[in-house]
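The figures that follow rest on heavy atoms only: side chains count, while hydrogens, waters and symmetry mates do not. None of the values given here were measured: they were computed from a predicted structure.
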Amino acid sequence: MNLAKSIYFLLVLFLLSTSKLFGASATPTIAIVGGTQYFCIDQTLKDTSFTIVATINNNGFMDPIDHYEINWGEGPGNERILPSAGTSITHTYVLRKSASDCDYEKEVTIKLKTYRTPNDDLPTNNAFDIFFRNPPNPGSMVITNSVLCKGLAFNIGAGICETNKDVSFTLSTGQVYNTSPIRPVFNTPGTYTVTMSASNFCGTRSTTRTLTVVGPTTAEGVPDSGLVVTGTDLNELCLVGSSATIRLNAGASPGASSFEWKVLSPGSGYNWRWGVNSAQTRLEFTAPGKYVIKLTVDNSCMIPSAKNITVNVVTPTSASLQAQADGCVTLSYTPNPYSNGTTYYINGTAYTSFPITLPEGAYHVAANVSNACGVSSISDTFAVANNTPISILSPSANISLCKGSPRLTLTAEPAGGTWSGSTWISGGSSFIPTIAGTYRLKYSRGSGTCYQEAFTNITVIDTLRFPLIPSPDTCQIINYTPSPLNPNLTYQVNNLTVTSFPLTLSQGTHIVRVSGTNICGESVKLDTFVVAGISDISIQNIAMDQIICSSSGLFELNAFPNGGTWTGINVTNQSNKFYFNPKDEGTFC
């Protein structure tokens, strides 16, 4: 009993004694119907309301009663009750106002005052204590860690809760403890349960918690999105554009509760996009390179574990393969350039070791190189030939062609060789006789010991060309010889074949025909000239010392025989005619 209750008890005794000193009868009392003092609350004391029914017993009180006043033990106010209202009174306590989850009980003192008159200075006093009690609260159980390390003791306690008067702990291993706290040890990782039972005046209640017992963790981190996994320790990521991002996941680390991600090398070219202390994070790369990422994990065992993850950030690549020359009989073949990172297929079969010996046949080589950005391919074809002799089929022998004749198709066997020797080979398989001359053409095929070649000559002949200098007209009998004279040509003078020169030609018009023939046909040249003889010239329309007016216009000049030339001052030639222009005064010759 505390000091306040002691004072209150003494005060009640004093008042009761006082009432007896004044000769009063027994004092009226108040109590709970049925006399109950203890009430168990189904809910916690702070989350409910509770209604009681109290009764006033006059106990044979003989004095007149004006009214009662009841203080229910909560709040400063009193409730006034008239005797006519009866002796049974209902009151509801709102317990949530002052209690907590772990309060065992709430004590309330109900005080009754009985007034004989409205202003009675010495009313009688009576009090009755009631107690509201919480059921046990096993939810207060306290476990130091949710994830426990095998072989290490840890605390399990009932917590600080007045409602739990008696507690016990039962483990799923069968162990039972009747004290608090307890310090069990689990030597095998796994899942266990602990049940706490708590009892008090209001009964017994239990709750069960699950315990996870782990051993020291092992770092198990993987990039699980955004890349191509090419090996246990090497992961490839394609850098397209300015950046590429992966997700890192350490969720497979058994029992891990703390995580740390760190890039060991290189020192730049990356950005963390999520936190580095969570099971999952994202890492952005901005430059190609081989990045080493360290994952460190730990748990309540405090024995950290680390793992390095390598991510090779690459850009699109290109396969490379140079053309292989044809071989003869057999060929020792190695791709050029050769790369260990390239897969080589020869006629559809993959080869990983070189050189290889290829027999006669046609070959298709494909070089494929791949990374996280995709596959790049390049191919080459070549042949390994036998040593079959070659021969030229067309032209079958040395030939002559006329300049400008149709192109000549060049053929040889076996096919697949190359024609050379002239710029006038068109398309590699025909000859165009454009310019006169002799051309030596070569057909070659194979290489090394299989190399062979054959030749043919083509002579391009132009139409026969020869010079002939025209002879001038003359007025005297001449001894004629063509210039130049070519004994290989045929000469005709005035339709008569002449085999010997000089030839005497008299007055008249003479036609000389010169001709020659080759495989391209006949070529002809003609020359015409006149042997006129000597004749007198007479002026036809102008008299000696003729006078002409200057205003008379152009005056035509005529003479016999025709064909001469007029010269002099103011003489002009128009349309093969000669005129004198009398534009100036004077004497003209």
Approximate separation, where rounding is to 0.5 Å, of T163 OG1 and R133 CZ: 12.0 Å
Euclidean distance, R407 CZ relative to L401 CG, rounded to 0.5 Å: 13.0 Å
Beyond-backbone contact of P414 with I390, side-chain heavy atoms, under 4.5 angstrom: yes
Residue pair D129 / Q37, side-chain heavy-atom distance below 4.5 Å: yes
Modelled atom types, side-chain donor and acceptor of T195 and T208, under 3.5 Å: yes
Residue pairs passing the ring pair (Phe, Tyr, Trp, His ring centres under 6.0 Å) test where at least one lies in residues 150-195, sequence neighbours excluded: F154-F186, F186-Y192
Aromatic centroids of Y338 and Y344 separated by under 6.0 Å: yes
Return a table of donor-acceptor pairs under 3.5 angstrom between the side chains of residues 245-257 and protein atoms on other chains or two or more places apart.
residue: R247; atom: NE; partner: D224; partner atom: OD1; Å: 2.8
residue: R247; atom: NE; partner: D224; partner atom: OD2; Å: 3.4
residue: R247; atom: NH2; partner: D224; partner atom: OD1; Å: 3.4
residue: R247; atom: NH2; partner: D224; partner atom: OD2; Å: 3.0
residue: N249; atom: OD1; partner: G251; partner atom: N; Å: 2.7
residue: N249; atom: ND2; partner: D224; partner atom: OD2; Å: 3.0
residue: S253; atom: OG; partner: E220; partner atom: N; Å: 2.9
residue: S253; atom: OG; partner: E220; partner atom: O; Å: 3.4
residue: S253; atom: OG; partner: A250; partner atom: O; Å: 3.1

Check: S394 side chain, T409 main-chain N or O, donor-acceptor pair, under 3.5 Å: yes
Single hit among V314, L237, L239 for side chain to side chain contact (heavy atoms under 4.5 Å, CB included) with C373: V314
Test item: N134 side-chain N/O and Y104 main-chain N/O as donor-acceptor pair under 3.5 Å: no
Contact check, side chains of I110 and W72, non-hydrogen atoms, under 4.5 Å: yes
Parallel, tilted or perpendicular: ring planes of Y270 versus W272, cut at 30 and 60 degrees: perpendicular
K403: partners by salt bridge (charged side-chain N to carboxylate O under 4.0 Å, His left out), with sequence neighbours left out: D462
Backbone N/O of V142 and side chain of N155: donor-acceptor pair under 3.5 Å: no
Rounded distance (nearest 0.5 Å) linking atom CE of M302 with atom SG of C149: 8.0 Å
Donor-acceptor contact present, side-chain N277 to main-chain F259, <3.5 Å: yes
Chi angles and distances behind the side-chain contact (heavy atoms from CB on, under 4.5 Å) call for L321, T342: CA-CA 10 Å; L321 183 65; T342 301; over 6 Å; no
Nearest heavy atoms of G151 and N187, plus distance in Å: CA-OD1, 3.5 Å
K165 atom NZ: more than 12 heavy-atom contacts under 6.0 Å: yes
Closest contact, heavy atoms only, P136 versus G203: CG-O, 3.1 Å
Q280 and W274: side chain donor to acceptor below 3.5 Å: no
Pairwise side-chain contact, N387 with Q452, heavy-atom cut-off 4.5 Å (strictly under): yes
Residue pairs passing the salt bridge (Lys or Arg N to Asp or Glu O under 4.0 Å) test where at least one lies in residues 436-456, sequence neighbours excluded: K442-E453
Donor-acceptor contact present, side-chain S305 to main-chain T218, <3.5 Å: no
N312 vs N371 side-chain heavy atoms within contact, under 4.5 Å: no
Validation row, ring centre Y363 to ring centre Y333 under 6.0 Å: no
Gap between atom CD of E162 and atom CG of N200 - 0.5 Å precision: 11.0 Å
Closest heavy-atom pair and its distance - D326, A383: OD1-N, 2.9 Å
Taking every non-hydrogen atom, the tightest pair across G73 and V108: CA-CG1, 3.8 Å
Non-hydrogen side-chain atoms of V222 and I309 separated by less than 4.5 Å: no
Main-chain N/O of N137 paired to N164 side chain as donor or acceptor, under 3.5 Å: yes
Residues Q175, I182; criterion side-chain contact (heavy atoms from CB on, under 4.5 Å); working and verdict: CA-CA 11 Å; Q175 296 166 286; I182 64 173; over 6 Å; no
Distance (rounded to the nearest 0.5 Å) between L410 CG and I458 CD1: 6.0 Å
Heavy-atom check, side chain of L408 versus side chain of I399, under 4.5 Å: yes
Minimum heavy-atom distance between P138 and S206, given as atom pair plus value: CG-C, 3.7 Å
Polar side-chain atom of R209 near backbone of M141 as donor-acceptor pair, under 3.5 Å: yes
Separation of S180 OG from I160 CD1 (nearest 0.5 Å): 10.0 Å
Exercise: do Q322 and N336 side chains pair donor with acceptor under 3.5 Å: yes
Qualifying disulfide (SG to SG under 2.5 Å) pairs with a residue from residues 163-221, counting only residues at least two apart or across chains: C40-C202
Trace of the side-chain contact (heavy atoms from CB on, under 4.5 Å) decision for E74 with K106: CA-CA 11 Å; E74 59 176 2; K106 176 179 176 62; 5.6 Å; no
Donor-acceptor contact below 3.5 Å, side chain D380 vs main chain A366: no
Check: Y443 and T456 side chains under 4.5 Å, non-hydrogen atoms: no
Pairs satisfying ring pair (Phe, Tyr, Trp, His ring centres under 6.0 Å), at least one member in residues 277-315, at least two apart: F285-Y291
Taking every non-hydrogen atom, the tightest pair across V369 and G341: CG2-O, 3.8 Å
V194 vs I143, side-chain contact (heavy atoms from CB on, under 4.5 Å): CA-CA, chis, key distance, verdict: CA-CA 10 Å; V194 56; I143 303 175; 4.1 Å; yes
